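Contents: one structure, followed by commentary.
Quantities reported herein were computed from a predicted structural model and do not represent experimental measurements. Just so it is clear, the values below take in all heavy atoms, side chains as well, and ignore hydrogens, waters and symmetry mates.
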Amino acid sequence: MAQTNKVPVAVPPDGGWGWMIVAGCFIVTICTRAVTRCISIFFVEFQMHFAQDYSKTAWIHSLVDCTTMLCAPLGSFIGNRLSCRFAVILGGFMASTGLILSSFATSLENLYLSLGVLTGIGFALCYTPAIAMVGKYFCKRKSLAYGVAMSGSGIGTFILAPVVQHLIELYSWRGALLLLGGFVANLCVCGALMRPIALKEEQLSGVLSADEENTYNKQQNDLNSKSACKPGQPIRTDCLNSCVFFQSLQEYSFFLMPDFMVLAVSILFLAYGCSVPFVYLVPYALNVGVSHQNSAFLMSILGMIGIVGNITFGWLTDRRCLKKYRYFCFLTAVGMDGLCCLLIPTLQSFPLLVPFSVLYGYFDGAYVALLPVVTSDIVGSQYLSSALGVVFFLHAIPYLISPPIAGWLVDRTGTYTAAFMLSGFSMIFSSVLLMCAALIKKCFRTRSGSYSTNSDPKLQIWTNTGETEYSVAADQEPKPV
């Protein structure tokens, strides 16, 4: 493959080849998130074939989700250091290999390694770089672009759920996994679409005021002087190591932002709650007497309505009147998903489970589309790739432990009530935490009156004016009015 040089541009193009990036990310979300969701359709097949309980079988889905998110920073690192194109192609090859090897598994332990670890690492190398590329190509229509790109998860679930169930009936679970392995190989094609792009630092002009721009330039000069890498001098080993160290330090400076830390903590509870319905909706439906085909169709409904949530929330929050309330829309969607989970134990027939799939799928699609947008609003596009790696990394442990914990609760209680209740309360707590943090922050501003949200880009989360389409979260000291 010929090496493609990064061509600096002043601002994100907001179109052109960017729509090919959106198309590539769309296919990536189908091959990663939708395929991961469809693994729950194999749940009963694995349980019956290997004669294992709920808890042990649930580890398969947990490992796929956990490894995908745990290795998200690795995907960001490879994408930043080499290229997003290389990361996605490598990940596609690994994920396809893992699924193909899983079709020959002779025990759950084999599936833990091939389907859980190898496929999960492949998905991680594809997912984060592809999502970050969308943020580099779009600014004014960022929410819409992410809504379309992330809708691949819903569309993929809608199409793949009945297809996978049909493949299992025709070729058994082994044949279905083998065919999924061939399908996931399309990730390598998506990787070829990821054309590199570099944004000039001159784009800061016009976004920051003159004083803020001088402050930013002074910080960059200080960073360069600390690295001891002077122009025109031979590059020494200690100089190179120093440059790499300070560059890496700057990439993760968003950890010092209180808003990002609050988001990070809330993500832990959000990730615990959101994975349980995708793993146990089909087993729960079968338990209350719904047929296999209708149980798989519930997943299809959930995925189809998720598409509507992706695109409508993406389009609406790009409107000028709602752009400054994207944070509020995000926490509302999370809270509504939590309320839906609390109602599942009362729904014990297919006609009653359909409304749940509709509501849960819609709000799930909404917050999935808004998560990278809200992250970008907090840290800025400059740190988006690294921040998304951290955000997805925080999903890892909850994704690992939530299905086995829910399975243990099902084994101990004999019902799914406790599992879904814990899931719902976890998501509601995540939403309440974000709301409380925002209210405390607003009250603090009102009482102190010492800071202006218009002068500090890092504070523009709730009160983003919408005129600043390309905000930069540089390390700056808050300036008193």
Exercise. Run the side chain to side chain contact (heavy atoms under 4.5 Å, CB included) check on Val276 and Cys341 step by step: do they pass?
Worked result: CA-CA 9 Å; Val276 172; Cys341 286; over 6 Å; no
Exercise. Checking side chain to side chain contact (heavy atoms under 4.5 Å, CB included) for the pair Leu298/Phe356: CA distance, chi angles, key distance, verdict?
Worked result: CA-CA 9 Å; Leu298 289 173; Phe356 162 79; over 6 Å; no
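- Thr29 places a side-chain N or O within 3.5 Å of a backbone atom of Ala149 that can act as its donor or acceptor partner.
- Nearest heavy-atom pair, Pro398 versus Leu268, reported as atom, atom and distance to 0.1 Å: CG-O, 3.3 Å.
- At distances below 3.5 Å, not a single donor-acceptor pair connects side-chain atoms of Thr67 with backbone N or O atoms of Ile121.
- No side-chain heavy atom of Leu342 sits less than 4.5 Å from a side-chain heavy atom of Phe420.
- Taking 4.5 Å as the limit, every side-chain heavy atom of Thr119 sits out of range of all side-chain heavy atoms of Met94.
- Within the 4.5 Å cutoff, the side chain of Arg33 has heavy atoms near those of the Thr68 side chain.
- Side chain of Thr36 to backbone of Thr32: a donor-acceptor contact under 3.5 angstrom is found.
- In this structure, CG on Asp259 lies 10.5 Å from CG on Leu434, to the nearest 0.5 angstrom.
- You'll find the side chain of Tyr146 reaches within 4.5 Å of the side chain of Ile131, heavy atoms only.
- Residues Tyr327 and Ala438 approach most closely at CE2-CB, 4.2 Å, considering heavy atoms.
- Ile267 is listed as a side-chain neighbour of Leu270, based on a closest heavy-atom distance under 4.5 Å.
- The side-chain heavy atoms of Leu359 and Leu343, taken from C-beta on, include no pair separated by under 4.5 Å.
- Between Gly24 and Leu193, the closest heavy-atom pair is CA-CD1, 4.0 Å.
- Between the CD1 atom of Ile39 and the CG atom of Leu160 there is a distance of 11.5 Å, given to the nearest 0.5 Å.
- From Ile155, atom CD1 reaches atom CD1 of Ile30 across 6.0 Å, with rounding to the nearest 0.5 Å.
- Of all heavy-atom pairs spanning Val88 and Met194, the tightest one is CG2-CG, 4.4 Å.
- Between atom CG of residue Leu90 and atom CD1 of residue Ile78 there is a gap of 6.0 Å, rounded to the nearest 0.5 Å.
- Between Val28 and Cys126 the shortest heavy-atom distance is CG1-O, 3.9 Å.
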For this session: Give the C-alpha distance, both sets of side-chain angles, the deciding distance and a yes or no for side chain to side chain contact (heavy atoms under 4.5 Å, CB included) between Leu281 and Tyr360.
Result: CA-CA 11 Å; Leu281 177 60; Tyr360 188 87; over 6 Å; no
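- Side-chain atoms of Val391 and Phe260, non-hydrogen and from C-beta on, do get closer than 4.5 Å to each other.
- Annotation: side chain of Val373 is not in contact with side chain of Phe330 (no heavy-atom distance under 4.5 Å).
- Interatomic distance, SG of Cys31 versus CZ of Phe26, reported as 10.0 Å (0.5 Å rounding).
- Not less than 6.0 angstrom separates the ring centroid of Tyr280 from the ring centroid of Tyr284.
- Taking CE from Met133 and SG from Cys190, the interatomic distance works out to 12.5 Å, rounded to the nearest 0.5 Å.
- Heavy atoms only, all atoms of each residue included: Arg85 and Gly191 are closest at CG-O, 3.1 Å.
- Side chain to side chain, Thr312 and Tyr362 meet the donor-acceptor criterion of an N or O pair below 3.5 Å.
- Between the side chain of Ser266 and the backbone N or O of Ser430 there is no donor-acceptor pair closer than 3.5 Å.
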Exercise. Going through the checks in order, is the side chain to side chain contact (heavy atoms under 4.5 Å, CB included) test met by Tyr367 and Met427?
Worked result: CA-CA 12 Å; Tyr367 83 73; Met427 298 185 75; 4.2 Å; yes
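- Counting only distance, with no hydrogens or angles, the side chain of Ser423 and the backbone of Ala419 share no donor-acceptor pair below 3.5 Å.
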